[in-house]
*Asks:* 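Sending over a structure as structure tokens; questions will come in a sec.
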Amino acid sequence: MEQRHLGRTGLRVSRIGLGTLTWGRDTDEHDAAELLKTFWDAGGTLVDTADVYGDGEAEYLLGRLMDGLVPRRDLVISTKAGSVPDPDRRFDCSRGHLLSALDASLARLGTDHVDVWHVHSYDPATPLEETLQALDIAVASGRARYAGVSNFCGWQLAKAAAWQLAVPGARTRLASTQMEYSLLQRGVEREVLPAALDLGIGMLPSSPLGRGVLTGKYRGDATPADSRGASEHLAPFVAPYLDDTASRIVDAVTTAADGLAVTALQVALAWVRDRPGVTAPIVGARTARQLTAALSVETLSLPDEICRALDDVSAPVHRYPDHDWSTL
């Protein structure tokens, strides 16, 4: 699998990442082992997790599999901290909480460091400089090799990155940002992606297949029994992408796939993988078969005319001030 630099850093990662959102909850150890082995055999290196996935079980699973199945040195492990199971405060990005969470993640993973450590979301109750200091401490202490953020909007990302760049050598520059990005969700193109491109921050798209909808499995009124849309706790996650607008985009993806003699999954994943600023989409497959289908996109590059057609059918409404005011 082709390797790409993560933002403006020397770290190279596979251009498709493996997500572990369902590990320890819907994905058991046997299935997780199959997924990781399939990914590794294909040349994949970037594995993404978080301290809250499966209430920590995803990290436990990954740690056990690295202990006996796949060598730790062959993987680039990314994890996140800052989400908390508190309905009154969804995020705690205080320095104390983040560093304690990192230590707990390392214990579950069975490793002395993670390769990339992300703040899971912006916390308005904590000064941003305090949150960012936790990243500096983690890197300086060797517990994390690189640092990034997740779910920061445009101004939050730009402020955080500029703060880190203000004291070169003393603060850790942001290597990456993880955001939802697909043909069904192009909101990051308004401000987040332009900021990331300008600041040399690699984009790691989550849900690159539109929460599974872009595979075409939900066309019409179909909801496969084994799909996320049929899952009690994931159905609300899929539901926003089952409207008429999404249906038109899925139809266009399917038409393009038919014309290229490939699958809708391959078209949708190739589109986001090769967008400017993107380092590696994070794919969360349920089975090794699904993952193999996603990894087969390695040999596919979409023709320019197909990309333009997909851009047009999925184009979000960007007006003032996101576009040059003189053209309005």
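Starting from 1, each residue takes its place in the sequence as its number. Just so it is clear, the values below take in all heavy atoms, side chains as well, and ignore hydrogens, waters and symmetry mates.
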*Asks:* Give a yes or no on whether the backbone of R286 and the side-chain of Q290 come within a donor-acceptor separation of less than 3.5 Å.
*Replies:* yes
*Asks:* Taking side chain to side chain contact (heavy atoms under 4.5 Å, CB included) as the definition, give me every residue that meets it alongside R89, ordered by chain and number, with sequence neighbours left out.
*Replies:*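 If we apply the side chain to side chain contact (heavy atoms under 4.5 Å, CB included) test to R89, skipping adjacent residues, the hits are D86, D92, D123, A125, T126.
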*Asks:* Decide whether D48 and Q178 meet the rule of one side-chain donor and one side-chain acceptor closer than 3.5 Å.
*Replies:* yes
*Asks:* Hey, is the main chain of G212 close enough, under 3.5 Å, to the side chain of K217 for a donor-acceptor pair?
*Replies:*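 Not confirmed, K217 side chain does not pair with G212 backbone.
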*Asks:* Tell me, please, which residues at least two apart from D74 pass side chain to side chain donor-acceptor pair (under 3.5 Å).
*Replies:* W40
*Asks:* Return yes if a side-chain donor-acceptor contact under 3.5 Å exists between D51 and S105, otherwise no.
*Replies:* no
*Asks:* Residues two or more places apart in sequence or in another chain: which of them pass ring-ring contact (aromatic ring centres under 6.0 Å, His included) with F39?
*Replies:* none
*Asks:* Quick check: does any side chain N or O of T20 sit under 3.5 Å from a backbone N or O of A58, one acting as donor and the other as acceptor?
*Replies:* no
*Asks:* Can you spot which of M203, R275, R273 makes a side-chain contact (heavy atoms from CB on, under 4.5 Å) with P281?
*Replies:*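 In the set M203, R275, R273, the residue that makes a side-chain contact (heavy atoms from CB on, under 4.5 Å) with P281 is R273.
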*Asks:* Would you say the side chain of E191 lies within less than 4.5 Å of the side chain of L157, judging by non-hydrogen atoms?
*Replies:*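 A side-chain contact is absent here, since even the closest heavy-atom pair is not under 4.5 Å.
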*Asks:* In terms of heavy-atom contacts, does CG of D55 have more than 12 from other residues, nucleotides or ligands at under 6.0 Å?
*Replies:*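 Open.
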*Asks:* Could you work out, with ring-ring contact (aromatic ring centres under 6.0 Å, His included) as the rule, every residue matching Y241, not counting sequence neighbours?
*Replies:*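 For Y241, no residue satisfies ring-ring contact (aromatic ring centres under 6.0 Å, His included) once neighbours in sequence are set aside.
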*Asks:* Mind checking what makes side chain to side chain contact (heavy atoms under 4.5 Å, CB included) contact with P240, not counting sequence neighbours?
*Replies:* R211
*Asks:* Look only at the side chain of S14 and the backbone of L46, and say whether a donor-acceptor pair between them is shorter than 3.5 Å.
*Replies:*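 It does hold such a pair.
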*Asks:* Can you list the residues that meet the side chain to side chain donor-acceptor pair (under 3.5 Å) rule with R108, with sequence neighbours excluded?
*Replies:* E59
*Asks:* Once side-chain hydrogen bond (donor to acceptor under 3.5 Å, both in side chains) is applied, what residue pairs with a partner in residues 152-169 remain, sequence neighbours excluded?
*Replies:* D136-Q164
*Asks:* Verify whether one side chain among S150 and H120 offers a donor that lies under 3.5 Å from an acceptor in the other.
*Replies:* no
*Asks:* Is there a side-chain contact between D274 and L302 (heavy atoms, below 4.5 Å)?
*Replies:*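 No - every pair of side-chain heavy atoms lies 4.5 Å or more apart.
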*Asks:* Begin from the C-alpha positions of R186 and E189 and carry the test salt bridge (charged side-chain N to carboxylate O under 4.0 Å, His left out) through to its verdict.
*Replies:* CA-CA 6 Å; R186 295 177 60 183; E189 293 177 4; 3.0 Å; yes
*Asks:* What pairs with E298 under side chain to side chain donor-acceptor pair (under 3.5 Å), at least two apart in sequence or on another chain?
*Replies:* R15
*Asks:* With the threshold set at 4.0 Å, does a side-chain nitrogen-carboxylate oxygen contact exist between D112 and R72?
*Replies:*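 No, this pair does not count.
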*Asks:* Could you tell me whether the side chain of R90 and the main chain of P87 form a donor-acceptor pair under 3.5 Å?
*Replies:* no
*Asks:* Using a 4.5 Å cut-off on heavy atoms from C-beta on, say whether the side chain of V119 contacts that of K80.
*Replies:* no
*Asks:* Going by ring-ring contact (aromatic ring centres under 6.0 Å, His included), name the pairs with one or both residues in residues 2-30, residues two or more places apart or in two chains.
*Replies:* none
*Asks:* Is it the case that T131 and R95 place a side-chain donor and acceptor less than 3.5 Å from each other?
*Replies:* no
*Asks:* S176: which residues meet the side chain to side chain donor-acceptor pair (under 3.5 Å) condition with it, sequence neighbours left out?
*Replies:* H118
*Asks:* Under a 3.5 Å cutoff, is there a donor and acceptor pairing between the side chains of R4 and T279?
*Replies:*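 On atom types as modelled, these side chains do not qualify, holding no pair under 3.5 Å.
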*Asks:* Provide the closest heavy-atom pair for G148 versus L174 in the form atom of the first, atom of the second, distance.
*Replies:* CA-CD2, 4.3 Å
*Asks:* Applying side chain to side chain contact (heavy atoms under 4.5 Å, CB included), can you list everything that pairs with T263, at least two apart in sequence or on another chain?
*Replies:* L265, Q266
*Asks:* Does the side chain of D31 reach to within under 4.5 Å of the side chain of T287, using non-hydrogen atoms?
*Replies:* no
*Asks:* Check side chain to side chain contact (heavy atoms under 4.5 Å, CB included) between R190 and all other residues, then give those that pass, not counting sequence neighbours.
*Replies:*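 Residues passing side chain to side chain contact (heavy atoms under 4.5 Å, CB included) with R190: H318, D322.
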*Asks:* I'd like to know if the side chain of S100 reaches the main chain of G96, judged simply by a donor and an acceptor atom lying under 3.5 Å from each other, with no hydrogens or angles considered.
*Replies:*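 Judged by distance alone, yes, a pair lies under 3.5 Å.
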